[in-house]
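Accompanying notes for the structure given below.
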Amino acid sequence: AEAKGRLKGTADNEHGADGDFDDRYGLSIHEIDAHWLQRQLSKFYSDANISSKLAEDTLLTLQIADERICENKLVVLLDFDKFEFIKLL
């Protein structure tokens, strides 16, 4: 969903008590550019080549229509310790 220049996820567990989305998963549309994903991954991986390869693999994985399968593949690809980041994706 998009509201006021922010993208928000739609997972069931993101709703707060007042029905609003949890802002942890909000993302300004102005922050996203061609290298956004690679910059985010570089926060977890110091090697630029690894970040680049994971960004490519992540983009391919995000094309999977089934959300559960996509999420599972992202967890395998990026590891469970990055689950908060995966939920943002």
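Values below: all heavy atoms of this structure, side chains included; hydrogens, waters and symmetry mates excluded.
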Quiz item: Between atom CG of Leu77 and atom CG of Asn72, what is the distance when rounded to the nearest 0.5 Å?
Solution: 12.5 Å

Practice problem: Go through Arg68 and Glu71 one step at a time and tell me if the side-chain contact (heavy atoms from CB on, under 4.5 Å) criterion holds. | Solution: CA-CA 5 Å; Arg68 182 166 298 226; Glu71 184 178 85; 5.8 Å; no

Quiz item: With sequence neighbours left out, which residue pairs that include part of residues 47-57 fulfil the salt bridge (Lys or Arg N to Asp or Glu O under 4.0 Å) condition?
Solution: Lys53-Asp57

Quiz item: To the nearest 0.5 Å, what is the distance between CD1 (Ile86) and NZ (Lys73)?
Solution: 13.5 Å

Self-check item: Distance (rounded to the nearest 0.5 Å) between Gln40 CD and Leu88 CG
Solution: 7.5 Å

Exercise. Identify, with sequence neighbours excluded, every residue that meets salt bridge (Lys or Arg N to Asp or Glu O under 4.0 Å) alongside Asp66.
Key: none

Quiz item: Between atom CD of Gln38 and atom CG of Leu59, what is the distance when rounded to the nearest 0.5 Å?
Solution: 10.0 Å

Quiz item: With sequence neighbours left out, what residues match Asp33 under side chain to side chain donor-acceptor pair (under 3.5 Å)?
Solution: Arg39

Practice problem: Return each pair, listed once, that meets ring-ring contact (aromatic ring centres under 6.0 Å, His included) where at least one residue sits in residues 42-66; pairs must be two or more places apart or across chains. | Solution: Phe44-Phe85

Practice problem: Consider only side-chain heavy atoms of I, L, V, M, F, W and Y, link residues closer than 4.5 Å, and tell whether Leu89 and Val75 are in one cluster. | Solution: yes

Quiz prompt | Selection residues 46-72 - residue pairs positive for ring-ring contact (aromatic ring centres under 6.0 Å, His included), sequence neighbours left out | solution = none

Quiz item: Between Glu84 and Lys87, does at least one N-O distance fall below 4.0 Å, as a salt bridge requires?
Solution: yes

Quiz item: Is a side-chain donor or acceptor of Ser52 paired with a backbone partner of Ala48 at a separation under 3.5 angstrom?
Solution: no

Quiz item: For Ser51 and Ser42, which heavy atoms make the closest approach, and how far apart are they?
Solution: OG-CA, 3.4 Å

Practice problem: Please collect all ring-ring contact (aromatic ring centres under 6.0 Å, His included) contacts where either partner lies in residues 50-82, sequence neighbours excluded, each pair once. | Solution: Phe80-Phe83

Exercise. State the CG-CD1 distance between Leu74 and Ile64, to the nearest 0.5 angstrom.
Key: 7.5 Å

Quiz item: Same cluster for Leu60 and Leu54 if Ile/Leu/Val/Met/Phe/Trp/Tyr side chains link at under 4.5 Å?
Solution: no

Self-check item: Reported CG-to-CG distance for the pair Leu37 and Leu62, which is rounded to 0.5 angstrom
Solution: 7.5 Å

